[in-house]
A.B. asks: 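Below is the structure I would like to discuss, written out as structure tokens.
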Amino acid sequence: QVELVESGGGSVQAGGSLRLSCSVSGWTYVRYTMAWFRQAPGKEREGVAAVDSSGATTYSDSVKGRFSISQDNAKNILYLQMNDLRPEDTATYFCAADHRISRITKFTLAALFLYRGQGTQVTISS
């Protein structure tokens, strides 16, 4: 059974940094894509960043140059390093994974992933 558990959220001031972690258990697929999404109250879900099993990555325009997605395959952990945080980054962040999505495309951040965690709250104050 696949389980994704996020951690690392919190409250920081604008300009600060946070690193989110997503611990993945029960994952046996060789080809896959994993991603981070976020959702703020009253707003639609937004795909933030994704990485596939080859190491290819993609980012939304709103976070490009500030956020970095990475994975530790040995530990089965997905990370999201967030720098230069802004109040508009405030949201609940979710990690997601899907073995049916084997590589990054221009549609990846809009896709509905099969597995998703419960989320971790990130609050940025000005």
A.B. asks: Please say yes or no: joined through hydrophobic side-chain contacts below 4.5 Å, possibly via intermediate residues, are Tyr115 and Val24 part of one cluster?
C.D. replies: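 In one cluster with Tyr115: Val24, yes.
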A.B. asks: Can you label the angle between the His99 ring and the Tyr29 ring as parallel, tilted or perpendicular, going by 30° and 60°?
C.D. replies: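 If you compare the ring of His99 with that of Tyr29, the planes turn out parallel.
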A.B. asks: Measure the CG-CZ distance between Asp98 and Arg116 for me, rounded to the nearest 0.5 Å.
C.D. replies: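 It is 13.5 Å, given to the nearest 0.5 Å.
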A.B. asks: If we check side chain to side chain donor-acceptor pair (under 3.5 Å) with Arg66, which of these qualifies: Asp89, Asn83, Asp84?
C.D. replies: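 That would be Asp89; it is the only one of Asp89, Asn83, Asp84 passing the side chain to side chain donor-acceptor pair (under 3.5 Å) with Arg66.
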A.B. asks: Got a second to check how far Arg31's CZ is from Ser54's OG, nearest 0.5 Å?
C.D. replies: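 Here the rounded value is 8.5 Å.
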A.B. asks: Kindly confirm or rule out a cation-pi arrangement of Arg38 over Phe94, judged by NZ or CZ under 6.0 Å from the six-membered ring centre and within 45° of its axis?
C.D. replies: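 No, Arg38 and Phe94 do not form such a contact.
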A.B. asks: Should Thr108 and Phe113 count as side-chain neighbours, where that means a heavy-atom distance under 4.5 Å?
C.D. replies: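 Sidechains of Phe113 and Thr108: in contact.
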A.B. asks: Could you tell me if the side chain of Tyr32 sits less than 4.5 Å from the side chain of Asp52, heavy atoms only?
C.D. replies: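 No, their side chains stay 4.5 Å or more apart.
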A.B. asks: Any non-hydrogen side-chain atom of Cys95 less than 4.5 Å from a side-chain atom of Met34?
C.D. replies: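 Not in contact.
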A.B. asks: Would you indicate whether the side-chain heavy atoms of Thr33 and Ile104 approach each other to under 4.5 Å?
C.D. replies: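 Sidechains of Thr33 and Ile104: in contact.
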A.B. asks: Can you confirm whether Ser17 sits close enough to Gln81 that some side-chain heavy atom of one is under 4.5 Å from a side-chain heavy atom of the other?
C.D. replies: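 Yes; the side chains approach each other to less than 4.5 Å.
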A.B. asks: Tell me, yes or no, whether the heavy-atom count around Gln118 atom CD, taken from other residues, nucleotides or ligands under 6.0 Å, exceeds 12.
C.D. replies: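 No, CD of Gln118 has 12 or fewer neighbouring heavy atoms, counting only those of other groups under 6.0 Å.
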A.B. asks: If the plane angle is over 60° it's perpendicular, under 30° parallel, otherwise tilted; pick one for Tyr93 and Phe67.
C.D. replies: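 Tyr93 and Phe67: tilted rings.
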A.B. asks: When Val48 is tested against each of Val63, Thr58, Leu20, Leu109 for side chain to side chain contact (heavy atoms under 4.5 Å, CB included), which residue passes?
C.D. replies: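 Going through Val63, Thr58, Leu20, Leu109 one by one, the side chain to side chain contact (heavy atoms under 4.5 Å, CB included) with Val48 is satisfied by Val63 alone.
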A.B. asks: Are side-chain heavy atoms of Glu3 and Val5 found at a separation under 4.5 Å?
C.D. replies: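 The answer is yes; the side chains approach within 4.5 Å.
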A.B. asks: Measure the spacing between OG of Ser68 and CG of Leu80 and express it to the nearest 0.5 Å.
C.D. replies: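 That separation rounds to 8.0 Å.
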A.B. asks: Please say yes or no: joined through hydrophobic side-chain contacts below 4.5 Å, possibly via intermediate residues, are Ile101 and Phe37 part of one cluster?
C.D. replies: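 Yes: a chain of side-chain contacts under 4.5 Å links Ile101 to Phe37.
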A.B. asks: Determine the minimum heavy-atom distance between Ser62 and Glu46, stating which atoms define it.
C.D. replies: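 Shortest heavy-atom contact: OG-OE2, 2.7 Å.
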A.B. asks: Would you say Glu6's side chain and Gly119's backbone share a donor-acceptor pair under 3.5 angstrom?
C.D. replies: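 Here the side-chain-to-backbone pair exists.
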A.B. asks: Say whether, by atom type as modelled, one donor and one acceptor occur between the side chain of Tyr59 and the main chain of Ile69 under 3.5 angstrom.
C.D. replies: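 A pair under 3.5 Å: yes.
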A.B. asks: So, does Thr120 use its side chain to make a donor-acceptor pair with the main chain of Gly9 at under 3.5 Å?
C.D. replies: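 Checking the backbone N and O of Gly9 against the side chain of Thr120, a donor-acceptor pair under 3.5 Å is found.
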A.B. asks: Taking the side chain as everything from C-beta on, heavy atoms only, tell me whether Gln39 gets closer than 4.5 Å to Thr92.
C.D. replies: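 No, their side chains stay 4.5 Å or more apart.
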A.B. asks: Report yes if some heavy atom in the side chain of Arg100 is under 4.5 Å from a heavy atom in the side chain of Leu114; otherwise report no.
C.D. replies: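 Heavy-atom side-chain distance check passes, below 4.5 Å.
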A.B. asks: Please check this pair: side chain of Trp36 against backbone of Tyr79, looking for a donor-acceptor N/O pair closer than 3.5 Å.
C.D. replies: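 Checking the backbone N and O of Tyr79 against the side chain of Trp36, a donor-acceptor pair under 3.5 Å is found.
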A.B. asks: Quick check: does any side chain N or O of Thr90 sit under 3.5 Å from a backbone N or O of Ile124, one acting as donor and the other as acceptor?
C.D. replies: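 Pair found, side chain donor or acceptor close to backbone of Ile124.
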A.B. asks: Determine yes or no for a side-chain-to-main-chain donor-acceptor pair under 3.5 angstrom, with Gln71 supplying the side chain and Val51 the backbone.
C.D. replies: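 Not a single qualifying donor-acceptor pair exists.
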A.B. asks: Which atom names give the shortest non-hydrogen contact between Gly47 and Ser60, and what distance separates them?
C.D. replies: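 Answer, listing the atom of Gly47 first, then Ser60: O-CB, 3.3 Å.
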